[in-house]
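So you know, we letter chains A, B, ... as the sequences are listed, proteins then strands, and number each from 1. Everything numeric in this text was worked out from a predicted model, so none of it was measured.
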Protein chains: 2
Amino acid sequence: MARAIDEGLLAAARLFAGIGGAELHRIAEMARLVSRPAGGEFFSQGDPATAFFLLVEGRARIVQITSDGQQVTLRYIAPGEVFGAVPLFSGGPWPATALAVVDSTAARWSREATDRLTAQYPVILANALAIVGERVREIEDRYRELATERVEQRVAHALLHLANVTEKSPAGAEIDFPISRQDIAELTGTTLHTVSRILSAWEQQGVIESRRMHVRILRPEGVRAIAAEARPEGRSRL
Amino acid sequence: MARAIDEGLLAAARLFAGIGGAELHRIAEMARLVSRPAGGEFFSQGDPATAFFLLVEGRARIVQITSDGQQVTLRYIAPGEVFGAVPLFSGGPWPATALAVVDSTAARWSREATDRLTAQYPVILANALAIVGERVREIEDRYRELATERVEQRVAHALLHLANVTEKSPAGAEIDFPISRQDIAELTGTTLHTVSRILSAWEQQGVIESRRMHVRILRPEGVRAIAAEARPEGRSRL
DNA sequence: CGGTAATTTGATCCTCGTCAACCTGAGTGG
DNA sequence: CCACTCAGGTTGACGAGGATCAAATTACCG
C-alpha cells in the first residue's frame, strides 16, 4: 500500500511546474498513496475537506448528488490531474464526491502538508491559481453548452472530450475506461434512454462503434460535425 | 475621470484581505479608474487579457456570446467584487465580455501592475485562489441546477440571489438594478417568453411585484418554496 | 446456466421553445 | 403637449425535443 510515488508523474504535473528534482522528492514524501477499488470514494460530498489529491493511476469522476438523488458529473480526472483542492483554499466541506471509475490510486496531501507545501514553494500557489482558473473556464463552457445546445450536440462534445479527440485526429479514438450510457447521461444532463437512442443512431450511421461500457469514435469528423450542428436555422419546418 | 480610488472599498475587498492601510494606498495608486456608461464594455470576449478589474460603483454582468449570437450570462458583479482576473493567471484571451448594467466605474490594474502586486504581496495570490475557488463552486451549483431543475425553479433561485435574499429575510427584497425579462432568461438558460409567463403567474399569486426592468420579491418564503419544489411525485432513490 | 446490470426500443406525456400578434409606457421631437 | 416610436412586455397557439413509463433483450459473471 505504501509504495513510493512516481516522481516522474509529479514532475509532469502542472501543479509542481517550476520545482526541481530534489524538492519533488521531498514533496513526494509528504504525500500518502491511497487506493480505491472501482466504485470506491476518495472523498464524499459534505465531509470536511482535509486534503487534496493527485491521481496517480486509474480514473476518477467528480459527482454532485442532488437532494432528490439525481447525480450530476462535474468532471473526469485522468492521471496527473489534481482534484479536491478547491475547498482546501477557499474553505468549506467537499462540494462533491470523488469516485474511482476503475481501480485507482491517488497521492494525498493532508491540509498540514499543503500548508507547509505552499509556504515552502510559493510557486505552487501560482500554479494552483492557473489550474483552478482553467477549471473555471471549462465549467463555464459546459454551462454555456447546457444552456444553448441540444442533447445530441452535448453528447458529441462529451465523447470528443472523453476520447481526447484533438483538432487533428483523422483516425478513430476511443474512451479508454469503462463508461455506461448512464454515466454519459449524468455528464451531459440528460437520461440514459436518450443517450442510448443517440448512440444507436450514430452507430447506424457508422460514426461510432459501441459495446457495453465502451465507446469508440470511428469518424471524428462526423462526431465533430454533430457537435457543431447549428439549430434548424431560420424558419424551416412547418 | 481620474478621481481617487476609495480605499475603504479596497480594505473591504476580499482580494486585499490581510493588507494594511499604507500598502492599500500604494495598491490603489497602481490602479486606474475606468468608467463605462450603461451598456458599455469593460472588456470584450476574444480580446487579449491585459488587466483585472474591481468594480467600484454600479453593476456589471459577464456574458458569453455563442457563435450563433445567443447570449449566456455567467454572473453579475457587485461593487467590491473582482472580475476579469482568471485569464491573467491562467493565460488566454478574455473568455467572456464584461458589460456595464448601469453607469459603472471600476479600478483597473494592468498586467504589469498585477505582477508587481503579487510579487510584493503574496497574500493576494492566496486570496485570489480563494475567490476563484468560490467561483468554481458557484458555477458548479448553477450547472447542477441547469442540469436537474425546471425553468421555474431556476428563475426562483436567480431572483433570490439577485435580490440578496438570505435565510432570514422575512420582509421583501428587490433587485436594485434594472433587469429585463431577457436578462433573466440569459441568466437562467431559457427565453424571455417563459420568464414573462412565470413572473406574471407569480405576480398573480402575489409573491412578487414587477414593473418594466424591475422585480421585487414580496414573499421570500413563496419564492423559496418554488425554488425548492421537488419534481411531481418524489421518487427519491438512494 | 441462472442472475443481474446494461442496453435497447416503443409509446406516451409534458415542459418549454417558437411563432405570431398585440399591448404598454417611456422617451422624443415637432 | 401630443403624436410617434420603439424597446420591453404579455399572451395565445402549436408542436419539437426529450423525459417518463414500460417491456424486452443482451451481455457478462460467478
Side-chain angles (χ1 to χ4, degrees), chain A residues 37-39 66 68-72 101-102 145-156 175 177-186 188-204 208-216 226 229-238, chain B residues 38-39 66 68-72 101 145-156 175 177-204 208-216 226 229-237:
Chain A
T66 66
D68 61 330
Q70 287 182 84
Q71 293 203 355
V72 173
V101 173
V102 293
E145 279 181 19
L146 197 51
T148 62
E149 298 182 351
R150 279 173 301 120
V151 174
E152 204 173 8
Q153 296 171 261
R154 304 203 303 267
V155 172
I175 299 177
F177 53 88
I179 190 165
S180 69
R181 306 294 187 257
Q182 175 71 39
D183 293 333
I184 296 172
E186 287 174 6
T188 52
T190 179
T191 63
L192 76 162
H193 308 279
T194 298
V195 171
S196 178
R197 283 180 231 272
I198 288 173
L199 296 193
S200 293
W202 291 353
E203 189 149 24
Q204 287 283 323
I208 67 161
E209 176 181 79
S210 88
R211 304 192 279 289
R212 176 185 257 233
M213 304 294 279
H214 180 96
V215 178
R216 162 187 285 271
I226 294 164
E229 206 164 77
R231 288 267 167 163
E233 202 52 46
R235 44 238 54 171
S236 57
R237 300 204 108 269
L238 273 185
Chain B
T66 66
D68 62 330
Q70 287 183 84
Q71 292 203 357
V72 173
V101 173
E145 279 181 19
L146 196 51
T148 63
E149 297 182 351
R150 278 172 301 119
V151 174
E152 204 173 7
Q153 296 171 262
R154 304 203 303 266
V155 172
I175 299 176
F177 52 90
I179 190 166
S180 69
R181 307 294 187 255
Q182 176 70 37
D183 294 333
I184 296 172
E186 288 174 6
L187 186 65
T188 53
T190 181
T191 63
L192 77 162
H193 307 281
T194 298
V195 171
S196 178
R197 283 181 233 273
I198 288 173
L199 295 192
S200 293
W202 292 351
E203 190 149 25
Q204 287 283 323
I208 68 162
E209 176 181 80
S210 89
R211 304 190 281 289
R212 173 184 261 234
M213 302 295 278
H214 180 96
V215 179
R216 161 186 286 271
I226 294 164
E229 205 164 78
R231 287 270 164 159
E233 276 316 299
R235 77 165 335 82
S236 38
R237 287 282 266 120

Quiz item: Donor-acceptor pair, Arg154(A) side chain versus Glu149(A) backbone, under 3.5 Å?
Solution: yes
Self-check item: dT9(C) OP1/OP2 closer than 4.0 Å to side-chain N/O of Ser200(A)
Solution: yes
Self-check item: Nucleotide nearest Met213(B) when distance is taken to its side chain, options dG17(C), dT7(C), dG9(D)
Solution: dG9(D)
Could you pull out the protein-nucleic contacts involving nucleotides 24-30 of chain D (nitrogen or oxygen on both sides, under 3.5 Å)?
unit_1, atom_1, unit_2, atom_2, d
dA27(D), N3, Arg212(A), NH2, 3.4

Quiz item: Between atom CD1 in Ile184(A) and atom P in dT7(C), what is the gap in whole Å?
Solution: 8 Å
Quiz item: Just to confirm, is there a sub-4.0 Å distance from OP1 or OP2 of dG17(C) to any side-chain nitrogen or oxygen of Thr190(B)?
Solution: yes
Self-check item: Flag, side chain of Ser196(B) to backbone of Leu192(B), donor-acceptor distance under 3.5 Å
Solution: no
Quiz item: Is there a donor and acceptor pair, one atom on the side chain of His193(B) and one on the base of dT18(C), closer than 3.5 Å?
Solution: no
Self-check item: side-chain N/O Thr194(B) vs dG17(C) OP1/OP2, d < 4.0 Å
Solution: yes
Exercise. To the nearest 0.5 Å, tell me how far Arg181(A) CZ sits from Ser210(A) OG.
Key: 4.0 Å
Quiz item: Over how many whole Å does the gap from Arg181(A) atom CZ to dT8(C) atom C1' extend?
Solution: 9 Å
Practice problem: Taking only the side-chain nitrogens and oxygens of Ser196(B), find out if one of them lies under 4.0 Å from OP1 or OP2 of dT10(D). | Solution: yes
Quiz item: Once you round it to whole Å, what is the distance between P of dA16(D) and CD of Glu152(A)?
Solution: 16 Å
Self-check item: Side-chain donor/acceptor contact of Arg197(B) with base of dG17(C) under 3.5 Å
Solution: no
Exercise. Report yes if at least one side-chain N or O of Ser180(B) is closer than 4.0 Å to OP1 or OP2 of dG8(D); otherwise report no.
Key: no
Practice problem: Write down the distance between CG (Leu199(A)) and P (dG18(D)), rounded to a whole number of angstrom. | Solution: 14 Å
Self-check item: Euclidean distance, atom NE2 of residue His214(B) to atom P of dG25(C) [Å, nearest integer]
Solution: 15 Å
Exercise. Indicate the atoms forming the closest heavy-atom contact of Val101(B) with Ala38(B), along with that distance.
Key: O-CB, 3.7 Å
Quiz item: Separation of Ile198(B) atom CD1 from dG12(D) atom C1', in whole Å?
Solution: 17 Å
Quiz prompt | Polar side-chain atom of Gln71(B) near backbone of Glu186(B) as donor-acceptor pair, under 3.5 Å | solution = no
Exercise. Let me know the distance between CG of Leu192(B) and C1' of dT18(C), rounded to the nearest Å.
Key: 11 Å
Quiz item: Atom CG of Asp183(A) to atom P of dA5(C): distance rounded to whole Å?
Solution: 15 Å
Quiz item: Is a side-chain donor or acceptor of Gln153(B) paired with a backbone partner of Arg150(B) at a separation under 3.5 angstrom?
Solution: yes
Quiz item: CD1 of Ile184(B) to CD1 of Ile175(B): how many Å apart, nearest 0.5 Å?
Solution: 5.5 Å
